[in-house]
Structure formats: structure tokens, C-alpha cells
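Notes follow once the structure below has been shown.
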Amino acid sequence: MSEPQAPKIEFPCDYVVKVVGDAAPDFREFVVEVAEQHAPGIEEHRVKVRASSGGRFTSVQVTIVATGEAQLKALFEDLKASGRVHMVL
């Protein structure tokens, strides 16, 4: 038997990026700003923010229009390289 493969994504498509970092007043704006560099035109209603139960972390969920794997890879790398992000899903 062959190993199961991840489903192929057909681009362009809506793609949800979830970013977790330390709680900070500007974390939402930071995530949206970085995402805008890779996927311009993010609409306000496509951004959701949640605080962790203890209030130490914040998750920002952004739905972008993904155009290809290279775009997603660059976005994930820029978010991780910032030092402000713990996890990108």
C-alpha cells in the first residue's frame, strides 16, 4: 500500500491561516499587515481574533485568497521569522 497523500489544493482558493502568538494590543494588526504583503485586499470580516483562556496568547485567523504554494510558504516563513509568532497553521 502507498502512503496517503495530502489533498492537492486547487489555486486560487480561499485559504485560512491561523497564527498564534503572545497576547499584545497590536498582534492582530501585525498578522494582517504581514498577510497583506502576500495576499493584498484582505477584507475585515475575514479576520477573527481569539484570546486564550488564560489571556497569555492570541490567535488570529485570516482567510486569504491563496494563489499558489510559493505564496503560502513565503507567508508562513515571514510570520515565523518575526519572532512574535509561536505557531502558524
Set of residues satisfying side chain to side chain donor-acceptor pair (under 3.5 Å) with respect to Gln37, sequence neighbours excluded: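 For Gln37, no residue satisfies side chain to side chain donor-acceptor pair (under 3.5 Å) once neighbours in sequence are set aside.
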Test salt bridge (Lys or Arg N to Asp or Glu O under 4.0 Å) applied to Arg84 and Asp26, step by step: CA-CA 11 Å; Arg84 298 188 66 182; Asp26 67 334; 2.7 Å; yes
Does a side-chain heavy-atom distance below 4.5 Å link [X] with [Y]?
X	Y	answer
Thr58	Val49	yes
His38	Ile64	no
Val20	Val85	no

Tell me if a side-chain donor or acceptor on Arg46 pairs with a main-chain N or O of Val62 at a distance below 3.5 Å.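 Answer holds: no.
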Rounded at 0.5 Å granularity, tell me how far CG in Leu89 sits from CD in Gln61.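 The CG atom of Leu89 sits 10.0 Å away from the CD atom of Gln61.
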Say you draw a straight line from CZ of Arg50 to OG of Ser59; how long is it, rounded to the nearest 0.5 Å?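 OG of Ser59 is found 6.0 Å from CZ of Arg50.
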Using distance only, find each side-chain donor-acceptor pair of residues 27-35 under 3.5 Å and give its atom names and separation, not counting sequence neighbours.
unit_1: Arg28; atom_1: NH2; unit_2: Glu44; atom_2: OE2; d: 2.2

With under 30° as parallel and over 60° as perpendicular, where do the rings of His86 and Phe57 fit, or are they tilted in between?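 Answer is perpendicular, since the angle exceeds 60°.
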For Phe11, which residues count as a side-chain contact (heavy atoms from CB on, under 4.5 Å) partner, sequence neighbours excluded?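 Phe11 satisfies side-chain contact (heavy atoms from CB on, under 4.5 Å) with Ile9, Cys13, Ala66, Glu69, Leu72 once adjacent residues are dropped.
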Smallest separation among heavy atoms of Ser82 and Leu79, with atom names: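 Here Ser82 and Leu79 meet closest at OG-O, 2.7 Å.
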Kindly give the heavy-atom pair with the smallest separation between Gly55 and Ala23, and that separation in Å.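 Minimum heavy-atom contact is O-CB, 3.4 Å.
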May I ask whether Val60 and Val65 are part of the same hydrophobic cluster, defined by side-chain heavy atoms of I, L, V, M, F, W, Y residues being less than 4.5 angstrom apart, directly or through others?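 No: no chain of side-chain contacts under 4.5 Å links Val60 to Val65.
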ILVMFWY cluster, Phe76 and Val19 together (side-chain gap under 4.5 Å):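 Same hydrophobic cluster.
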